[in-house]
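Data block below; observations after.
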Amino acid sequence: MPGDVELWQQVENTAVSLFKDFGFEEIRIPIMERTELFARSIGEDTDIVEKEMYTFPDRKGDLITLRPEATASIVRAYIQHKLYAKDPVRKFYTIGPMFRRERPQKGRYRQFYQINAEVFGIDSPLIDVQLILMLVTLLARLSVKDAVPHINSLGCLQCRPQFKALLTDFLEAKSKDLCPDCIRRSKRNPLRVLDCKVPSCREAIKEAPSIVDTLCPDCSLDFDTVRKTLDRLSIPFQVDKRLVRGLDYYTRTTFEIQTGSLGAQNAVAGGGRYDGLVKALGGPDLPATGFAIGLDRLAEIVGLAESDFVKTPDVYIAALGEKSISKAFEWACAFGREGIRIDMDFSNKSLKSQMKRADKTNAQHVLIVGEKELEQQAVILRNMSTKEQVLIPIDDILEKVKRKIIEK
Ligand code: ATP
Ligand code: MG
């Protein structure tokens, strides 16, 4: 709604300028894709694919899905349009609605909004750190307090099987405490159990083994670099062994930004490396990493004051009498064309009533145009904060008002 939108625009604009600062290009992806794309990329045993997707057959019976997230579509576009051909290193961002059929509640909507970033073609863990730094920077630019990156490593195809075996043993012993979904997952895809939101499952896995302890030397070095570099950049973080993205294609670093200010839905952003996905979807074997910010949740914790971003009219024009309205209308159009923010109500109501409305709009100045003043070839400009009034001759009024506005 108007009133909320200004804050959202501020968040979006701040994100866009951050992306420009770090060399990201915008990509716009479709709202719908073939169901198969999400099923293959997000994974069959995830909350999203198991129970949250809006999927329906079209007239020909092809299954299509309203996008529940952006990564799959961006990877599809990267492959389909050979965006890697000129240069495999590409950095994209996109902002828009996502759809998941969840139980609506605070911080959880069926149509929600994400700000996404994806980086292709870079192996180095330094880019993962840069993504975390970007998130931290965005939150700082939006005066968000109390947000901490949580990080983990998921290892690689070499070292994960060993961890999976350990975890499977652990889960077997705990099976009586797990929800039915997790009992099934613990056989098919045990890592997903770590991501379950059911409180009793969370309790049951408190003592689960930590993947960080079983990383192979390469993955271990990679995760060390991430931790050391975060330290070097003075970014406080927590290692969280429970943090898995759950997807088979995710590898190595995963992260989430959590905050104490959101209640139960405490993750404002999540991301990580998914080196296997481009290849799995039919593209070249190129590494990738990225993040998704929940815009609805982020907007709730922005610490800016409304006055930091809400733009009120520079000039409210109060005109009294038909002749004045006609002249005022001309000026209003000229001001607007020059980028001076204007408002007027075209009403011919009393000065008192028009001043009241000017006050409501929080206009910085009011230009009072009366028939008597017009005859004298001058109008009154009132500064609403200082209450100072000056008489402005109407020849060259545009320039004169402009100068007054800049003066403040
Ligand atoms: P959650 O743990 O809240 O279920 P998730 O792991 O399903 O989140 P991701 O797929 O990682 O979420 O999406 C990234 C971000 O998008 C989340 O951190 C969150 O801020 C936001 N998000 C996810 N689902 C919703 C939703 N239904 N409504 C609002 N925001 C959401
Ligand atoms: Mg979810």
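When a residue number appears, it is its place in the shown sequence, counting from 1. Remember, it's 1-based here, ligands and their atoms both numbered in the order they're listed.
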Among all protein heavy atoms in this structure, tell me which lies nearest to atom 18 (O) of ligand 1, with the distance rounded to 0.1 Å.
Ala267 O, 3.3 Å
Run the numbers on Glu118 and Thr71 for side-chain hydrogen bond (donor to acceptor under 3.5 Å, both in side chains), then give the verdict.
CA-CA 7 Å; Glu118 315 291 345; Thr71 305; 2.9 Å; yes
Per atom 26 (C) of ligand 1, closest listed option by heavy atom (Tyr113, Phe291, Phe99, Phe112)
Phe112
Donor-acceptor contact below 3.5 Å, side chain Arg110 vs main chain Glu102
yes
Residue pair Thr214 / Gln162, side-chain donor-acceptor N/O under 3.5 Å
no
Which residue owns the protein heavy atom closest to atom 29 (C) of ligand 1, what's the atom, and how far is it?
Gly107 O, 3.2 Å
Are the aromatic rings of Tyr93 and Phe24 close, with centres under 6.0 Å apart?
no
May I ask you to list the atoms of ligand 1 that are less than 4.0 angstrom from any heavy atom of Lys197?
1 (P), 2 (O), 4 (O)
With heavy-atom distances below 4.0 Å as the criterion, list the atoms of ligand 1 near Ala269.
18 (O)
Is it the side chain, the backbone, both or neither of Gln114 that has a heavy atom closer than 4.0 Å to ligand 1?
side chain
Test your reading of the model: is there a side-chain donor-acceptor pair from Arg185 to the backbone of Cys196, 3.5 Å cut-off?
no
Below 4.0 Å from ligand 1: does a non-hydrogen atom of Arg108 turn up there or not?
yes
Per-atom contacts, ligand 1 versus Arg100 - under 4.0 Å to a heavy atom:
5 (P), 7 (O), 9 (P), 10 (O), 12 (O), 13 (O), 23 (C), 24 (N)
Backbone or side-chain N or O of Arg297 under 3.5 Å from ligand 1 N or O
yes
Would you list the pairs meeting ring pair (Phe, Tyr, Trp, His ring centres under 6.0 Å) in which at least one residue belongs to residues 268-304, sequence neighbours left out?
Tyr250-Tyr274
Check each atom of ligand 1 against the heavy atoms of Glu102 and keep those under 4.0 Å away; list them by number with element.
24 (N), 25 (C), 26 (C), 27 (N)
Protein heavy-atom partner closest to atom 28 (N) of ligand 1 - residue, atom, separation in Å:
Tyr109 N, 2.9 Å
Any heavy atom of Asp47 under 4.0 Å from ligand 1? The part involved is neither
Run the numbers for me: atoms of ligand 1, each under 4.0 Å from some heavy atom of Gly294, listed by number.
15 (C), 16 (O), 20 (O), 21 (C)
Using a plain distance cutoff, I'd like to know if Ile293 has any nitrogen or oxygen under 3.5 Å from a nitrogen or oxygen of ligand 1.
no
Quick test of your reading: applying ring pair (Phe, Tyr, Trp, His ring centres under 6.0 Å), list the pairs with at least one residue in residues 29-75, sequence neighbours left out, ordered by first then second residue.
none
SB check Asp62 Lys60 (cutoff 4.0 Å):
no
Without hydrogens or angle criteria, can the side chains of Gln111 and Tyr113 be said to hold a donor-acceptor pair below 3.5 Å?
yes
